[in-house]
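Heavy atoms only: backbone and side chains are in, while hydrogens, waters and symmetry mates are out. Residue numbers count from 1 along this sequence. A quick note: this is a predicted structure, and the numbers were derived from the prediction, not measured.
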Amino acid sequence: MTSRTEILRQIAAPLIALYGQREARSIALIVASELSQLPPSAFLTDPNAELFIANLPEVIKQLAAGQPVQYIIGNTEFYGRRFAVREGVLIPRPETEELVAWVIREMQGKQATLLDIGTGSGCIAASLALELPDAKVFATDISETALAVSAENCRTLGAHVTICHADMLGDLSVLFSERFDALISNPPYVPQSDLSTMHINVRDHEPHEALFVPDNDPLIFYRAIARHGRQILHPKGRLYFEIYHLFADTMCRMLTEEGYTDIKVREDLFGKPRMLCCHLR
């Protein structure tokens, strides 16, 4: 048996070099709480109480190797809900919550038909379905792992989403007879040349196919989705994208060339252009 304070210290110590002291402490608190099934407050209000966590050495080893904490505990928070995540599925980010909030504000109260392209964990689609009960929500992904995890999350949360296997570079107009009011996507957008600058927990553990694009065609997925939109959107239908902050101007030019108008770019909480909405002309 070990004190709760000591358990936090053991978890955090090898992580300081990777994440810094503050984040290492935060990760330690999350992991200790999940493994012990005690609320985080228990480690702060009763730090000297003794505790035994059977698999703690193995968990510390995984964390020290850069394994994301979300994969180790098997879940993450997104838009106020807990989503299952595992290796092979991109971990949802806070900036994606901002994109979801934008869609919800503009679609509230509408009987809209929405398609989330490249759904991953299903965090976008499930959140939209739960926050927009009048909407009809569909989601696609090419990854069988992502499809399984997104289906699990929708079942667990009670989100009514129709999930389909599809390649966003393929022909979505063949798959869907529906016409959509909006397409929403957080596609791969990080240039391959940025790989070496990524943190170890992303570079070595998250799925590269959900993150990276060729340096010579970084808008490949956005362009494909925009062209799908010309086939499967209602007139004046919308595209909502999470974007790479360095490509905002290039995105606007491409979407104008592809027949979209009323292009709006929004900044995230850190002041970077990270979200975009436009209308089919």
Side-chain angles (χ1 to χ4, degrees), residues 18-20 22-23 66 68 70 76-79 83 85 89-107 115-121 123-125 127-128 141 146 168-169 182-229 238-280:
L18 286 177
Y19 300 104
R22 184 172 180 177
E23 189 172 353
Q70 296 90 340
T76 192
E77 295 291 319
F78 184 88
Y79 215 80
F83 283 81
V85 289
V89 176
L90 190 69
I91 297 167
R93 269 49 173 195
E95 49 266 34
T96 309
E97 293 180 300
E98 297 180 60
L99 178 68
V100 166
W102 190 1
V103 179
I104 290 169
R105 282 194 299 271
E106 297 200 340
M107 295 293 168
L115 174 60
D116 172 25
I117 301 175
T119 195
S121 66
C123 62
I124 292 176
S127 299
L128 293 176
D141 208 288
M168 66 177 76
L169 298 180
L183 309 182
I184 305 99
S185 189
N186 174 25
Y189 58 65
V190 180
Q192 188 70 33
S193 56
D194 282 7
L195 175 62
S196 62
T197 68
M198 306 292 281
H199 196 279
I200 186 174
N201 63 339
V202 177
R203 185 184 69 236
D204 292 354
H205 296 281
E206 293 200 61
H208 286 197
E209 64 272 18
L211 285 166
F212 296 103
V213 290
D215 288 345
N216 64 352
D217 193 6
L219 304 189
I220 181 172
F221 293 107
Y222 294 110
R223 189 182 305 105
I225 293 169
R227 290 175 180 175
H228 293 321
R238 303 177 188 185
L239 298 179
Y240 291 92
F241 286 135
E242 182 175 323
I243 65 173
Y244 191 53
H245 65 282
L246 296 178
F247 294 156
D249 291 341
T250 310
M251 282 285 298
C252 291
R253 287 195 296 272
M254 181 273 290
L255 289 167
T256 299
E257 291 168 2
E258 293 294 336
Y260 291 84
T261 187
D262 193 23
I263 301 170
K264 295 183 177 68
V265 176
R266 290 191 178 179
E267 296 179 344
D268 63 15
L269 292 174
F270 301 100
K272 294 182 178 180
R274 291 301 294 272
M275 294 156 282
L276 183 151
C277 176
C278 61
H279 293 75
L280 185 62

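Ring geometry for Tyr222 against Phe241 counts as perpendicular: the plane angle is over 60°, on a 0 to 90° scale with 30° as the lower cut.
One finds the CZ atom of Arg93 at 14.5 Å from the CG atom of Leu99 (value rounded to the nearest 0.5 Å). For the atom pair Ile124 CD1 and Leu115 CG, the distance stands at 11.0 Å (nearest 0.5 Å). To the nearest 0.5 angstrom, His205 atom NE2 is 10.0 Å from Ile91 atom CD1.
Counting only distance, with no hydrogens or angles, the side chain of Glu206 and the backbone of Leu90 share no donor-acceptor pair below 3.5 Å. Under a 3.5 Å cut-off, the side chain of Tyr260 and the backbone N or O of Ala226 do form a donor-acceptor pair. Listed for the Glu95 side chain is no donor-acceptor partner under 3.5 Å among the backbone atoms of Glu242. Between the side chain of His208 and the backbone N or O of Arg203, at least one donor-acceptor pair lies under 3.5 Å. Checking side-chain atoms of Asp215 against main-chain N and O of Ser193 turns up a donor-acceptor pair under 3.5 Å.
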Check step by step if salt bridge (charged side-chain N to carboxylate O under 4.0 Å, His left out) holds for Glu106 and Arg238. CA-CA 11 Å; Glu106 297 200 340; Arg238 303 177 188 185; 2.6 Å; yes
May I have the step-by-step check of side-chain contact (heavy atoms from CB on, under 4.5 Å) for Phe78 and Ser127, ending in yes or no? CA-CA 8 Å; Phe78 184 88; Ser127 299; 3.5 Å; yes
I would like to know whether Tyr189 and Met251 meet side-chain contact (heavy atoms from CB on, under 4.5 Å); could you show each step before the answer? CA-CA 11 Å; Tyr189 58 65; Met251 282 285 298; over 6 Å; no
Intermediate values then yes/no, side-chain contact (heavy atoms from CB on, under 4.5 Å), Glu98 and Met275: CA-CA 8 Å; Glu98 297 180 60; Met275 294 156 282; 3.6 Å; yes
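Here Glu23 pairs with nothing under the salt bridge (charged side-chain N to carboxylate O under 4.0 Å, His left out) rule; sequence neighbours left out.
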